[in-house]
Number of protein chains: 2
Amino acid sequence: MEDVAARAGVSRALVSIVFRDAPGASGATRERVRAAAAELGFSPDHRARLLGRSRTGLIGVSFGLRLTFHADLVEALYEVVRGSGYEVVLSGNGPGRTEEAALETLLGYRCEALVCLGPTLPVERLAALAAGHPLVVVAARGGAPGVSSVRADDAGGVRLAVEHLLSLGHRRIAHVDGGRAPGATDRRRAFRSASTRERPDGPWPVVPGGPTEVDGARAAPALLALLDRPGAPTAVQVFNDRCAAGLLHALRSAGCRVPEDLSVVGFDDDRLSSVPGVDLTTVRQEPAELASRAFEHAVGQLEGCPASPGDDVVEPSLVVRGTTSSPRGGATA
Amino acid sequence: MEDVAARAGVSRALVSIVFRDAPGASGATRERVRAAAAELGFSPDHRARLLGRSRTGLIGVSFGLRLTFHADLVEALYEVVRGSGYEVVLSGNGPGRTEEAALETLLGYRCEALVCLGPTLPVERLAALAAGHPLVVVAARGGAPGVSSVRADDAGGVRLAVEHLLSLGHRRIAHVDGGRAPGATDRRRAFRSASTRERPDGPWPVVPGGPTEVDGARAAPALLALLDRPGAPTAVQVFNDRCAAGLLHALRSAGCRVPEDLSVVGFDDDRLSSVPGVDLTTVRQEPAELASRAFEHAVGQLEGCPASPGDDVVEPSLVVRGTTSSPRGGATA
DNA sequence: TCGAGGTACTAGAGCGCTCTAGTCCGGAGT
DNA sequence: ACTCCGGACTAGAGCGCTCTAGTACCTCGA
């Protein structure tokens with residue numbers, strides 16, 4: 001920087017002004033400084049820049065490396081944040097790197113706000129973090145005081161799926177749940193309440209599942225066993241798309257035709273679900289919408305807006321594809 | 001830091017020593033400083049720490065947000081780098097954020113070395129980057145002078161797959177290629193040369209594909225058309241697992257049984273391929289191996305080792321699962 | 001003619017660390 | 001007794017920026 005200043009025949013401060021696009025320099029000088037910088041291959045040091053500034057403008061994002069939906073959210077966050085004066089810092093977690101380690105890194109960077117995608121941290125930890133910084137939880141319930149969260153309306157989404165199946169003529173529906181994954185409880189509960197609403201004489205079955213393809217595949221035998229009995233379900237609503245994809249594979253391998261024998265509805269509208277051949281009917285939660293709300297929450301809290309942190313619920317929408325149809329005397333036979 | 005020093009009754013320098021785990025402090029003092037820091041909720045500022053130090057120890061990693069295999073590599077990199085004194089900085093790219101933007105960020109952080117996963121940048125750009133920093137390209141050819149690269153042996157992998165199919169008794173094999181994706185050319189070429197070796201009288205067919213599930217699904221009609229003719233292939237080797245998964249779905253939807261009518265082999269051993277129901281036979285490239293070699297290259301160049309940058313080729317291995325079997329008079333009928 | 005006010009620019013003090021060059025002190029060697 | 005050495009600790013100068021408080025100069029209205 002010193003060198004650039006010397007070459008352009010100005011002071012260091014002027015160089016700083018030019019590179020910050022701050023007012024206080026004439027057009028000609030700007031030109032001269034930029035030229036000198038280009039010749040010397042100078043680009044400002046990001047760390048030093050942040051150090052000197054009182055604020056860092058950094059938004060730390062912790063995400064699950066293995067979760068495709070998180071990747072979508074991260075991408076959306078990059079786009080939302082661009083040009084806002086803030087900046088995204090990524091820290092991934094997964095087996096091999098704990099969420100705690102990921103957050104540690106983010107904190108070390110002096111991020112001003114933290115965005116946690118689908119955190120599995122205990123509520124107390126979240127509350128402790130939120131005490132120091134604005135904390136936005138995405139795609140999961142905040143749960144802790146002072147933590148704001150942005151998530152899809154899980155119950156509403158399940159209701160949407162069930163209504164779709166009912167309107168197709170299905171009267172017996174099963175649910176493959178998400179185990180202890182974020183959102184699983186809400187979805188299971190919504191399914192159960194739909195069950196008592198539509199079928200007051202007896203509950204619809206819930207099969208244990210989980211958030212991944214493997215969980216879905218593992219749930220297949222239990223589900224297939226249900227189909228052999230009279231009064232068997234003709235449709236299934238699955239916790240999420242990845243689980244549904246695993247289930248779908250396993251069902252088809254077992255000779256069960258979808259949607260002829262069984263209609264399947266997922267949740268998330270994962271990128272994979274629109275692939276021809278998968279073509280899964282599902283409930284879509286919009287990553288761009290979740291990302292922009294999360295960013296608004298973070299900035300809102302940062303910029304002294306007293307907007308109460310709290311749960312922000314986004315309405316999902318139904319995407320009808322090829323895995324649902326009206327029941328046609330399928331596997332109950 | 002000032003406050004911590006005061007509270008512990010020592011100088012700032014001592015606090016620094018303690019937090020760097022540097023020699024020059026007694027056990028008792030260390031204890032006292034740590035306690036004071038804990039009480040004050042102090043944790044060192046990462047940026048300032050790097051600033052003061054002459055080196056940053058930062059390894060910038062640019063990866064594709066949508067690529068599950070990249071996620072695996074990133075995870076492996078985190079593990080390899082941990083405890084080495086270096087640190088990973090992530091920057092994702094995808095539609096909506098160019099690779100150039102991702103690298104820009106990394107450069108701003110003053111990363112000492114750059115690791116680019118499957119870059120699609122022009123060779124000249126890579127060369128220019130490599131002029132300033134050690135640059136390691138992973139899962140693609142380096143191509144430019146001064147750029148080192150770590151990748152699986154694409155040709156060897158294809159050979160492995162073809163030999164497996166031959167040993168099962170297949171004599172006519174097709175290939176769905178990867179279009180312009182990194183590695184696609186090498187794999188296609190290896191397939192063609194296997195073709196001329198085994199079938200000097202006429203080449204095996206190559207169907208255009210691509211790196212994603214959608215590409216695989218799109219390739220299905222062309223492949224199915226081949227199966228109707230006499231002398232049709234009884235097996236197919238697909239560019240990568242995601243493409244194979246899309247293809248698999250589409251084939252099965254069209255009533256083609258795998259592996260009875262057609263054996264399918266992928267490439268990568270994507271996480272999804274081991275899912276029950278997909279259960280894809282494939283060629284595995286070990287992410288941990290690629291990651292650790294990439295790290296070694298980076299550190300090697302960084303620490304003044306004159307080890308010539310160049311292509312480092314890792315041998316892949318065959319993973320036999322459920323999508324291959326011996327041909328049983330399948331779709332040729 | 002004088003200053004008021006604005007623009008272009010500079011000096012220099014931080015930001016929160018690390019690191020070099022010390023100082024201080026207690027014990028071993030002679 | 002003296003020096004000498006090494007471990008524990010400190011002072012203070014950076015690192016590469018930003019930012020506040022200025023200086024110099026120019027223009028304009030009274």
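Lettering follows sequence order; numbering is per chain, from 1.
- A donor-acceptor pair is defined here as one N or O able to donate and one able to accept, closer than 3.5 Å; such a pair exists between the side chain of Arg34(B) and the backbone of Val18(B).
- Within a 6.0 Å radius of CD in Glu315(A), other residues, nucleotides and ligands contribute more than 12 heavy atoms.
- The only member of Val61(A), Leu103(A), Val138(A) that meets side-chain contact (heavy atoms from CB on, under 4.5 Å) when paired with Cys116(A) is Leu103(A).
- Considering Glu87(A), His133(A), Arg55(A), Gln301(A) in turn, Arg55(A) is the only one that fulfils the side-chain contact (heavy atoms from CB on, under 4.5 Å) rule with Glu112(A).
- When side chains are defined from C-beta on, Thr56(B) counts as touching Arg47(A), because their heavy atoms get closer than 4.5 Å.
- The local environment of CD in Glu100(A) is crowded, with over 12 non-hydrogen atoms from other residues, nucleotides or ligands closer than 6.0 Å.
- Using a 4.5 Å heavy-atom threshold, the side chains of Leu114(A) and Ile59(A) count as separate.
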Can you name the atoms? Protein N/O to nucleotides 15-24 of chain C N/O, anything below 3.5 Å, with the distance.
residue : atom : partner  : partner atom : Å
dC15(C) : O2   : Gly52(A) : N            : 3.4
dC17(C) : OP1  : Asp45(B) : N            : 3.3
dC17(C) : O5'  : Asp45(B) : N            : 3.4
dC17(C) : N4   : Arg12(B) : NH2          : 2.9
dT18(C) : OP1  : Arg49(B) : NE           : 2.9
dT18(C) : OP1  : Arg49(B) : NH2          : 3.4
dT18(C) : OP2  : Ser16(B) : OG           : 2.3
dT18(C) : O4   : Arg12(B) : NH2          : 3.1
dC19(C) : OP2  : Arg20(B) : NH1          : 2.7

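- End-to-end axis angle of the helix from dT1(C)-dA30(D) to dA28(C)-dT3(D), from C1' rotation axes over five pairs per end: 60° (rounded to 10 degrees).
- Leu14(A) places its CG atom 14 Å from the C1' atom of dT23(D), with the value rounded to the nearest Å.
- Remark: the backbone N or O of Asp270(B) is not paired with any side-chain donor or acceptor of Asp268(B) at under 3.5 angstrom.
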